[in-house]
Amino acid sequence: ADITTNYDFEKQCLESNAIRDYKRGEEVKIFYGARPNFELFSNSGFVTPDNKFNYTALRFSLGESDKLREKKIQLLNNHSLPDSSKFALCADGPLGDELLSYLRVAWINSEEDFQNAEAAFTNPPVTLQNELRVYTILELKLFKIIQ
């Protein structure tokens with residue numbers, strides 16, 4: 001877009017200024033950025049139905065003090081996953097396999113559960129308790145994002 005848009009706090013209004021000359025009747029377009037619908041709605045008051053940017057990025061990393069950290073890193077690397085990463089979570093799609101597998105490994109908390117760690121990359125999951133932790137962490141992370 002060939003305009004700048006800024007909020008003027010003194011005037012309490014949004015001001016857009018052209019950074020090039022426009023011909024009479026020429027359409028002026030605004031690009032709101034690569035934003036998911038929840039950002040468009042909260043910042044601009046609208047959503048777009050087929051928004052290709054309708055996702056949020058979730059960052060996760062293994063805890064430095066995790067007693068199983070080295071084993072988890074090795075397992076993740078064996079499956080071409082890093083020990084910390086940013087994952088895209090689409091608003092209208094299923095959880096990505098990489099995100100789900102990563103979280104399943106990250107939230108293994110015992111040597112006993114680690115014996116089933118390969119299940120993090122298939123179904124059924126590692127354990128029912130592990131799966132509940134994974135979805136609880138995801139829910140908490142998403143709640144924090146939308147606050």
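- Atom NZ in K29 sits 12.0 Å away from atom CD1 in I3 (nearest 0.5 Å).
- When atom types are taken as modelled, the side chain of D8 and the backbone of K11 share a donor-acceptor pair closer than 3.5 angstrom.
- Using a cutoff of 4.0 Å between basic side-chain nitrogens and carboxylate oxygens, E26 and R20 are scored as salt-bridged.
- Within a 6.0 Å sphere centred on CZ of F143, other residues, nucleotides and ligands contribute 12 heavy atoms or fewer.
- A distance-only check finds no donor-acceptor pair linking the side chain of N116 to the backbone of T127 [under 3.5 Å].
- A 6.0 Å sphere centred on CD of E98 holds no more than 12 heavy atoms belonging to other residues, nucleotides or ligands.
- Looking at N6, its side chain never comes within 3.5 Å of a backbone N or O of L14 through a donor-acceptor pair.
- Under a cut-off of 6.0 angstrom, the local environment of CG in D21 is sparse, with at most 12 non-hydrogen atoms contributed by other residues, nucleotides or ligands.
- Note that CG of L75 is 12.0 Å distant from CG of D83, once rounded to the nearest 0.5 Å.
- Rounded to the nearest 0.5 Å, atoms CD1 (I145) and CZ (F38) are 6.5 Å apart.
- More than 12 non-hydrogen atoms from other residues, nucleotides or ligands lie less than 6.0 angstrom from OH of Y7.
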List the steps, then state whether side chain to side chain contact (heavy atoms under 4.5 Å, CB included) holds for F121 with V105.
CA-CA 9 Å; F121 304 92; V105 171; 3.8 Å; yes

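- Between the side chain of N54 and the backbone N or O of N37 there is at least one donor-acceptor pair closer than 3.5 Å.
- Nearest heavy-atom pair across V126 and D113 is CG1-O, 3.5 Å.
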Using the side chain to side chain contact (heavy atoms under 4.5 Å, CB included) rule, take I137 and Y135 through it: C-alpha gap first, then chi angles, then the decisive distance, then the call.
CA-CA 5 Å; I137 292 303; Y135 282 94; over 6 Å; no

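- Across every non-hydrogen atom of L76 and P82, the tightest pair is CD1-O, 3.7 Å.
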Start with the C-alpha gap between N77 and L81, add the side-chain angles, then the distance that decides, and say whether side chain to side chain contact (heavy atoms under 4.5 Å, CB included) holds.
CA-CA 5 Å; N77 289 339; L81 290 172; over 6 Å; no

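- To the nearest 0.5 angstrom, L103 atom CG is 8.5 Å from L95 atom CG.
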Name the atoms and distances for all side-chain donor-acceptor pairs under 3.5 Å in residues 55-67, with sequence neighbours left out.
from: E64; atom 1: OE2; to: R69; atom 2: NH2; distance (Å): 3.2
from: D66; atom 1: OD1; to: L68; atom 2: N; distance (Å): 2.8
from: D66; atom 1: OD2; to: K72; atom 2: NZ; distance (Å): 2.5

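- For the pair R104 and Y102, the cation does not sit on the ring face, since its NZ or CZ is not both under 6.0 Å from the ring centre and inside 45° of the axis.
- In this structure, the side chains of N130 and R133 come closer than 4.5 Å at one or more pairs of heavy atoms.
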L138 and L99: CA distance, side-chain angles, deciding distance, side chain to side chain contact (heavy atoms under 4.5 Å, CB included) verdict
CA-CA 10 Å; L138 259 176; L99 171 60; 4.3 Å; yes

Intermediate values then yes/no, side-chain hydrogen bond (donor to acceptor under 3.5 Å, both in side chains), Q74 and N78
CA-CA 6 Å; Q74 184 62 46; N78 288 347; 2.9 Å; yes

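- With hydrogens and angles disregarded, no donor-acceptor distance shorter than 3.5 Å links the side chain of R35 to the backbone of L40.
- Separation of atoms CZ (F87) and NZ (K141) is listed at 10.5 Å; rounding is to 0.5 Å.
- In terms of heavy-atom proximity, G33 sits nearest to F53 at O-CD1, 4.4 Å.
- Criterion: ILVMFWY side-chain heavy atoms under 4.5 Å apart, direct or through other members. Under it, L142 and V47 are not part of a common hydrophobic cluster.
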